[in-house]
Amino acid sequence: MNNILLKVEDLHIAFHTSKGSLPAIKGVSFEVEEGEILGIVGESGCGKSITSLALMGLLPQNSEIVSGNIYFENKNINSLKEEDMQKLRGNEISMIFQEPMNSLNPVYKIGHQMIEGLILHFGISKKEAKERTINMMKEVGLARATEIFNSYPHELSGGMRQRIMIAMALICKPKLLIADEPTTALDVTIQAQILELMKKINREMKTTIIFISHDIGVIAQTCDRVVVMYAGQVVEQAKVDEIIKRGAHPYTRGLMEAIPTHQKRGTPLKAIKGRVPSLLERAKGCSFASRCEKAVKQCTEKKPLLNSIKDKHQVRCFLAQEEGEA
């Protein structure tokens with residue numbers, strides 16, 4: 001069995017608002033093995049991005065980790081001082097943020113922004129940092145690396161900016177890369193190139209990746225295992241093939257049925273009715289009950305636990321657990 005690089009254990013995160021402290025993440029647990037690509041999937045508002053920010057120690061000021069632990073290489077990192085977290089962040093754990101245009105500073109050239117991390121973490125000269133940066137830009141498929149090094153963000157296409165963000169995240173050769181919606185707002189052709197690049201990074205650089213997306217079709221193409229999140233909880237997790245063939249939670253099945261495929265051409269796609277409940281609306285029963293076509297009385301009164309229905313296949317659903325035991 002591979003070594004566990006990252007372990008999230010019963011993580012609870014709350015937001016402090018004018019209406020009090022509201023739980024956003026409720027008991028999230030998962031593991032990431034060295035060398036794998038783990039997908040985290042769910043609609044906007046399900047908690048996947050907040051979970052990723054917690055891993056980086058970058059939660060918004062009005063939120064906090066209430067309880068739980070985050071272990072990286074067996075070290076509890078959510079108890080680290082900010083000074084120690086800064087040494088870890090960008091060096092051993094790195095992140096590709098959403099919206100590359102907003103993540104790049106428009107008034108500085110690309111090269112200036114990229115060499116900062118190398119100089120900060122390794123104390124090397126600007127000349128050496130430039131050489132490493134240009135080499136990394138070539139690694140991620142930017143052929144005109146020297147020209148791009150001296151360009152401003154607005155002079156580059158969306159796909160090029162996304163490759164820049166990937167290169168920046170990889171420049172210090174991190175052990176763990178967190179990719180938060182790395183293909184959002186890209187056209188289908190560029191999206192396919194970025195997905196192939198992520199797999200190449202995992203394969204050739206041996207970088208462990210957490211790949212976050214709202215699109216389970218993209219997750220299916222890219223990842224080894226999948227964590228499905230809904231309303232701040234893990235509702236299902238398993239190997240990607242198991243999820244695709246035998247997704248057990250009604251929410252997972254809904255995501256799968258919404259994927260456009262050639263076979264569905266000409267027919268309306270099935271949508272999941274309703275929306276993810278806000279932090280103020282989360283009921284005492286199953287959070288998905290109001291949107292679930294198979295919900296029964298028990299679903300509105302009790303919260304289902306995340307239980308195993310098969311080896312390494314866990315699901316948070318009364319009906320799925322009964323089917324798994326049958």
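Source: prediction; values computed, not measured.
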Could you tell me whether the side chain of [Y] reaches within less than 4.5 Å of the side chain of [X], counting heavy atoms only?
| X | Y | answer |
| --- | --- | --- |
| I40 | F30 | yes |
| V228 | H249 | no |
| P23 | R282 | no |

Rounded to the nearest 0.5 Å, how far does [atom2] of [Y] lie from [atom1] of [X]?
| X | Y | atom1 | atom2 | result |
| --- | --- | --- | --- | --- |
| I171 | M137 | CD1 | CE | 9.0 Å |
| T51 | I25 | OG1 | CD1 | 3.5 Å |
| S287 | K26 | OG | NZ | 4.0 Å |

I'd like to know if the side chain of [X] reaches the main chain of [Y], judged simply by a donor and an acceptor atom lying under 3.5 Å from each other, with no hydrogens or angles considered.
| X | Y | value |
| --- | --- | --- |
| R163 | L142 | no |
| N202 | T207 | yes |
| D10 | S29 | no |
| H313 | G247 | no |
| Q113 | N105 | yes |
| N78 | I70 | yes |
| K206 | R203 | yes |
| Q162 | P182 | yes |
| E281 | S278 | yes |
| R89 | G57 | yes |

Applying a strict under-4.5 Å side-chain criterion to I, L, V, M, F, W and Y, I'd like to know whether [X] and [Y] cluster together.
| X | Y | value |
| --- | --- | --- |
| L58 | I212 | yes |
| L280 | I50 | yes |
| M205 | M198 | yes |
| L11 | Y71 | no |

For this session: Before accepting this row, confirm whether a basic side-chain N of the pair R132/E128 lies closer than 4.0 Å to the acidic partner's carboxylate O.
Result: yes
Exercise. Under a 4.0 Å N-O cut-off, is there an ion pair linking K175 with E73?
Worked result: yes
Got a sec: does the [atom1] of [X] have more than 12 other heavy atoms crowding it under 6.0 Å?
| X | atom1 | result |
| --- | --- | --- |
| K239 | NZ | no |
| Y108 | OH | no |
| N74 | CG | no |
| E204 | CD | yes |

For this session: Take N91 and L120 through the test side-chain contact (heavy atoms from CB on, under 4.5 Å) and record every step on the way to the result.
Result: CA-CA 10 Å; N91 186 19; L120 174 66; over 6 Å; no
Problem set entry | Donor-acceptor side-chain pairing of Y251 and E43 below 3.5 angstrom | yes
How close do [X] and [Y] get, heavy atom to heavy atom, and via which atoms?
| X | Y | result |
| --- | --- | --- |
| V28 | V234 | CG1-CG2, 3.9 Å |
| I178 | S52 | CG2-CB, 3.8 Å |
| I190 | G159 | CG2-CA, 3.6 Å |
| V140 | A167 | CG2-CB, 3.9 Å |
| K7 | E31 | CE-OE2, 3.6 Å |
| L88 | I77 | CD2-CG2, 3.8 Å |

Seminar exercise, completed: With R225 as partner, the option from E36, E33, E236 fulfilling salt bridge (charged side-chain N to carboxylate O under 4.0 Å, His left out) is E36
Problem set entry | Worked check of side-chain contact (heavy atoms from CB on, under 4.5 Å) between I110 and F149 | CA-CA 5 Å; I110 296 297; F149 186 91; 5.9 Å; no
Exercise. How far apart are the C-alpha atoms of E293 and R253, what are their side-chain angles, what is the distance that settles it, and do they pass the side-chain contact (heavy atoms from CB on, under 4.5 Å) test?
Worked result: CA-CA 12 Å; E293 295 175 353; R253 292 174 181 168; over 6 Å; no
Problem set entry | Residues I13, I65; criterion side-chain contact (heavy atoms from CB on, under 4.5 Å); working and verdict | CA-CA 4 Å; I13 298 173; I65 295 176; 4.2 Å; yes
